[in-house]
Amino acid sequence: MHLSKSARYVLALLTSITLLFIYVPLLVVVINSFNPSKTFSWPPSSLSTLWWSKAFHNEGVISALMTSIKAGVGASVIALLLGSGLAFAVARYEFFGKETISLLVVLPIALPGIITGIALNSAFRIILQPFGVGLGLFTVIIGHATFCIVIVYNNLLARLRRVGSTLEEASGDLGADTWQTFRYVTFPTIRSSLVAGALLAFALSFDEIVVTTFTSGAEIETLPQWIFNNLFRPNQAPIVNVVAAVLIIGFALPVWLSQRLSQGAPAGGRI
Amino acid sequence: MKDSPSTITDVPNAIRLINLVKNFGVVQAVAGVNLDIVNGEFFAMLGPSGSGKTTVLRLIAGFETQDSGAVEIDGINVSNVPPFKRDVNTVFQNYALFPHMNIIENVEYGLKVKGINKNERRERAVAALERVQLRGYEKRTPSQLSGGQQQRVALARALVNEPKVLLLDEPLGALDLKLRREMQVELKELQQQIGITFVFVTHDQEEALTMANRIAVFNHGKIEQVGTPQEVYEKPSSDFVAGFVGISNLLHEKASEQILGKKGIFSIRPEKIRFGHGGDRKTSGLVKEIAFLGSFTRFSVELAHGDRLVLLKENDGSSEIDSTVGALVQISWNSKYEFQVE
């Protein structure tokens with residue numbers, strides 16, 4: 001495409017402004033995590049790692065982080081199992097109600113989190129509590145899985161449709177049984193989209209707060225909940241900056257990785 | 001049916017299809033096909049797209065399951081046997097090479113899944129690559145090869161398994177004309193060397209005539225005619241076959257009655273008709289079209305009853321005919337070259 005010189009300058013300017021909007025606040029957070037002042041006086045008078053060492057010794061943070069990781073891993077594993085099963089069924093077989101099922105699976109990602117949250121909360125209390133299962137990590141994992149499934153499903157479905165079934169036919173033709181075909185042909189061609197789907201699902205679960213609030217109960221606290229609860233406490237607020245800085249770095253890598261792996265396949269995202 | 005050696009010898013047919021039927025929804029793709037393919041044949045299934053030829057191939061390979069009828073391979077009923085247990089291998093239209101494996105791994109694949117040890121399968125795969133003239137390409141990936149080379153890898157990958165029958169689905173369809181001609185010759189030689197039965201699907205009548213020992217002409221899910229290239233070309237059994245294989249000149253009722261003194265529809269091949277009075281059938285018409293085709297010139301002559309006959313005249317310098325469009329010309333042919341199609 002050919003653009004005039006002025007059009008290119010305008011585009012460059014708009015792009016720069018957009019990037020600044022996104023990344024300047026992140027930069028401020030990272031810098032503030034090294035700001036020794038409790039009130040974040042700006043610009044920082046000096047740089048210190050005081051809050052970093054405090055953060056690593058703060059039990060609340062560590063336990064919230066572990067809870068979030070457990071919830072994310074749990075939800076991703078469920079999403080991988082159920083989402084890939086569904087994607088295979090929809091991509092490879094014809095059955096009654098296929099389109100409806102496809103829609104029902106994708107719907108949760110579009111529903112407002114608060115609706116999903118309320119619905120899950122009522123359902124858990126009515127169905128699970130009589131069996132002695134209270135709100136906690138287990139219910140958070142199930143809550144997150146409802147929308148993580150979509151991510152895996154969409155990623156894998158796009159890949160399966162693009163690859164088609166000819167390679168699997170060729171494998172069967174050459175004498176491979178169903179398991180060998182899956183192991184040597186199907187899995188290698190979908191592996192990267194599974195990894196990308198799982199990474200995205202984990203990221204979504206990790207930052208979820210609305211559904212989490214309705215499904216976590218009083219016993220546990222995920223990292224976003226901890227941040228939310230401590231942001232305005234004078235002694236804890238600086239630690240929030242440290243946590244944010246760690247997460248920015250900790251998440252840039254896997255997101256970049258998942259983007260490379262999915263190679264432009266639609267991910268279907270709620271941010 | 002003309003030749004079916006299984007009745008003469010005890011060797012079972014490579015392929016036998018019995019009353020094969022396959023529907024896709026309301027579409028009847030294969031509408032009752034009976035066919036015997038003899039051991040060692042180079043057999044072509046020829047027909048326009050949608051005629052059911054590819055579906056028949058997929059039924060033989062086992063990728064589709066027939067609604068009724070049976071498929072026998074080497075005398076054994078395999079109608080309900082999955083593809084991986086059938087002693088046939090397929091060369092796919094788009095080759096279907098595994099993109100995440102290199103060339104040697106692709107060729108070895110069939111041997112690997114059958115549990116053949118590493119040394120033997122490497123040896124056999126290298127030999128198969130040698131046969132298709134692709135030694136030295138072992139470590140490349142499929143995407144690094146040209147279409148013609150990928151085609152050869154697909155051949156090697158299938159042949160390394162030494163199948164009873166090799167199935168080829170429009171094997172040369174994706175290649176350019178020159179390469180296609182070369183591969184036609186090569187495939188034919190390869191088949192003669194190794195003696196495996198080849199069954200190939202094509203919509204290209206020239207390809208079928210050039211390569212096959214016998215041809216089945218498909219139309220609307222049925223076989224219209226089975227025969228040698230000569231039989232199919234010289235004695236087409238129907239209007240459709242006459243039209244699909246080669247150029248056909250049809251004489252409809254009125255022209256037949258007047259020129260031949262017979263009832264029905266008759267066909268004469270273009271190269272059998274001459275200008276002048278050489279043959280025992282004589283008529284005249286107006287030249288409507290003249291097309292120079294290099295070694296031939298093609299004339300289209302319209303007869304009194306509206307039927308058009310195409311004539312091919314070799315440009316060998318002997319021609320005294322110097323027709324122009326609109327000229328009235330005398331044409332003739334020998335009555336032994338006309339055949340009734342309806």
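Just so it is clear: chains get the letters A, B, ... in the order the sequence lines come, proteins before strands, and each one is counted from 1. Predicted, not measured: the structure shown is a model, and the values here were computed from it.
- Shortest non-hydrogen contact noted between Leu167(A) and Pro99(B) is CD1-CD, 3.6 Å.
- Contacts with chain B were tallied for Pro188(A), Ala176(A), Gly172(A); Ala176(A) has the most, counting heavy-atom pairs under 4.5 Å.
- Other residues, nucleotides and ligands place more than 12 heavy atoms under 6.0 Å from the CZ atom of Phe182(A).
- Interface with chain A: from residues 100-118 of chain B, residues His100(B), Met101(B), Tyr109(B), Gly110(B), Lys112(B), Val113(B), Lys114(B) qualify, criterion being any non-hydrogen pair under 4.5 Å.
- Contacts of Arg58(B) with chain A are made by side-chain atoms alone, with heavy-atom separations under 4.5 Å and no backbone atom involved.
- For CD of Gln192(B), the number of neighbouring non-hydrogen atoms (other residues, nucleotides, ligands) closer than 6.0 Å is greater than 12.
- More than 12 heavy atoms of other residues, nucleotides or ligands shown are found within 6.0 angstrom of CZ on Phe95(A).
- With a 4.5 angstrom heavy-atom cutoff, Asn89(B) touches chain A via backbone and side-chain atoms both.
- Heavy atoms from other residues, nucleotides or ligands lying under 6.0 Å from CZ of Arg131(B) number 12 at most.
- By the neighbour-count criterion of 12 heavy atoms within 6.0 Å, atom NZ of Lys188(B) is densely surrounded, having more than that number from other residues, nucleotides or ligands.
- Looking only at side-chain heavy atoms (C-beta outward), Phe63(B) and Asp173(A) come within less than 4.5 Å of each other.
- More than 12 heavy atoms of other residues, nucleotides or ligands lie within 6.0 Å of CZ in Phe251(A), so this atom counts as buried by the packing criterion.
- The CG atom of Asp169(B) lies 10.0 Å from the OG1 atom of Thr166(A); values are rounded to the nearest 0.5 Å.
- With a threshold of 4.5 angstrom between heavy atoms, Ser171(A) approaches chain B through its backbone and through its side chain.
- Nearest heavy-atom pair, Leu174(A) versus Ala158(B), reported as atom, atom and distance to 0.1 Å: CD2-CA, 4.4 Å.
- Environment of CD in Glu120(B): crowded, with over 12 heavy atoms of neighbouring residues, nucleotides or ligands closer than 6.0 Å.
- Counted within 6.0 Å of OH on Tyr23(A), heavy atoms from surrounding residues, nucleotides or ligands total 12 or fewer; the atom is thus considered open.
- By a heavy-atom distance cut of under 4.5 Å, Pro83(B), Phe84(B) are the residues of residues 70-87 of chain B near chain A, going up by number.
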